[in-house]
Amino acid sequence: MNQPLSTSATSAAQAQDHVDNARLQAAIAALAAFGGRPDGGVSRETLTEVDLASRRHLIEQARALGCEVMVDDCANLFFRRAGQRNDLPPVLTGSHGDTQPVGGKLDGAYGVLAGLEVIAALNDAGIETVRPIEVVAWTNEEGSRFGPGTMGSSAFVEPSRLAGYLDSVDKNKVRFGDALQAALASTPDVPRCAMQRPMSACVELHIEQGPVLERAGIPLGVVTGIQAVRWFSVTCHGMMAHAGTTPMDERRDAMAAAVPLAQKLYDFAAAEAASQLRLTLGRWQVAPNSVNTIPGRVEFTVDMRCVDDSVLDRFEAFLRAEVAAAGEAMEVSRFFQREPTHFPAPMLKLIEEAATRASAQAGLPAPMALTSGAFHDAMYVADHCPTAMIFVPSKNGISHNAAEATDPRDLFLGVQALAYTVTALANQEQ
């Protein structure tokens, strides 16, 4: 990638200055009406009827901006603004439109709408970029209706994954493959495009979903990467027996084994606080789960994340040693692993320059660098092309919640930084 900001600096600044905050806020409110809840939240799980209606809304908005609309085999929507050199791979931006069962109006949706606002700003400024620009709305990032999450972006990058997703079912036993075909059938006017198409670069704008930026009083974050993650299932075996008649010294209580192990894991995480290791024991299943029966089996999940994979190596070794010491009474299996994602330095430099200009014009502090603890589509797209992310603050660090919110000023600044970055990238010929 070329060094950023040479001849493209002027048009990047012009695009940034043509971002319209009123138009952005109206777009956010309009999309939030699809699945809007009385408490201000949004319920728009992937490929539901309300999600398909929101997709039609986005298609209409993109066409009104002069974009060509395309869809791939995983129902990822692409909105393309032509460039001077349409033979060159485009610059990609966007995020996802689906939400958790009880979500907010910004998670994912903000990134898609920000991309469309960038196109509107370029239109207003009369700027024709060298490369085309595409805005994407990825399918099923959340994974709340069908697992796993980030289906759309991961399948785009490696199309062979799609076949493994088709038999995933939701709580009503609806197959993802059937919901996917219904979604594709609902857009007969949208031409199909290939997955794994070349992209020159990708920038994803997202709310932080954590407290770091707000706590620091900084409106924009340059995301340096995404933490490594490993997921485990730990099972503790005991013997079910009557709670009232079995003496304490004769019990084989699976919970009595699980609780001390859980405490040791928390103690390990506390000792690694400087490395920013994050530990969650999130799902517990107890059998028979009866008030007056000694647990015969306890299963819990371990989610551990850190930007330094060597810390997770140490944690995993500790966990496995503790389980091994328990013999047949305990077992552990790892069911997911993802190495850390490190975004490339030239992309970070460009975003820092874009965010610094936007913040300075508003009389606000310069951006800060931070890592993402959450999964994002950018995690997979980074395997395909140079990729980076921009964060804006989340009030009280809240997301996946109807109370999710970001100051409109910060949302505006985020799109300004995105417009500058995307425009500069789209004016690079190599």
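All values reported here derive from a predicted model rather than from experimental measurement.
Under the 4.0 Å criterion applied to side-chain N and carboxylate O atoms, Arg63 and Asp189 are assigned as salt-bridge partners. Looking at Asp17 and Arg357, a side-chain N of the basic residue comes within less than 4.0 Å of a carboxylate O on the acidic one, giving a salt bridge. Under the 4.0 Å criterion applied to side-chain N and carboxylate O atoms, Asp313 and Arg230 are assigned as salt-bridge partners.
Side-chain contact of Thr371 with Arg305: a donor-acceptor pair under 3.5 Å is absent, judged by distance alone. For the residue pair Thr235 / Glu331, no side-chain donor-acceptor distance below 3.5 Å is found, with atom types taken as modelled. Side-chain contact annotation: Asp107 with His206, donor-acceptor N/O pair under 3.5 Å present.
To the nearest 0.5 angstrom, Glu45 atom CD is 9.0 Å from Glu142 atom CD. In this structure, OG in Ser399 is found 4.0 Å from CD in Glu404, a value given to the nearest 0.5 Å. The distance from atom CG of Asp383 to atom OG of Ser154, rounded to the nearest 0.5 Å, is 10.0 Å. Residue Thr387 holds its OG1 atom at 8.0 Å from CG of Leu92, rounded to the nearest 0.5 Å.
Annotation: cation-pi pair Arg320/Phe232 absent, no NZ/CZ under 6.0 Å from the ring centroid and within 45° of its normal. Because its NZ or CZ atom is not both nearer than 6.0 Å to the ring centre of Phe34 and within 45° of the ring axis, Arg56 does not count as a cation-pi partner of that residue.
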| said: Pair Arg197, Asp72 - check side-chain contact (heavy atoms from CB on, under 4.5 Å), show working. | reply: CA-CA 10 Å; Arg197 290 181 297 123; Asp72 69 15; over 6 Å; no

| said: Walk me through whether Phe343 and Ile226 qualify under side-chain contact (heavy atoms from CB on, under 4.5 Å). | reply: CA-CA 8 Å; Phe343 297 139; Ile226 299 174; 4.0 Å; yes

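At least one side-chain heavy atom of Leu265 sits less than 4.5 Å from a side-chain heavy atom of Leu319.
In this structure, Trp231 has its ring center closer than 6.0 angstrom to the ring center of Phe375. Aromatic rings of Phe146 and Tyr165 (six-membered ring for Trp) have centroids beyond the 6.0 Å cut-off, not under it.
Ring planes of Trp138 and Phe78: perpendicular class, angle over 60° (limits at 30 and 60°).
Listed by chain and number, the residues in a salt bridge (Lys or Arg N to Asp or Glu O under 4.0 Å) with Glu158 are Arg161 (sequence neighbours excluded).
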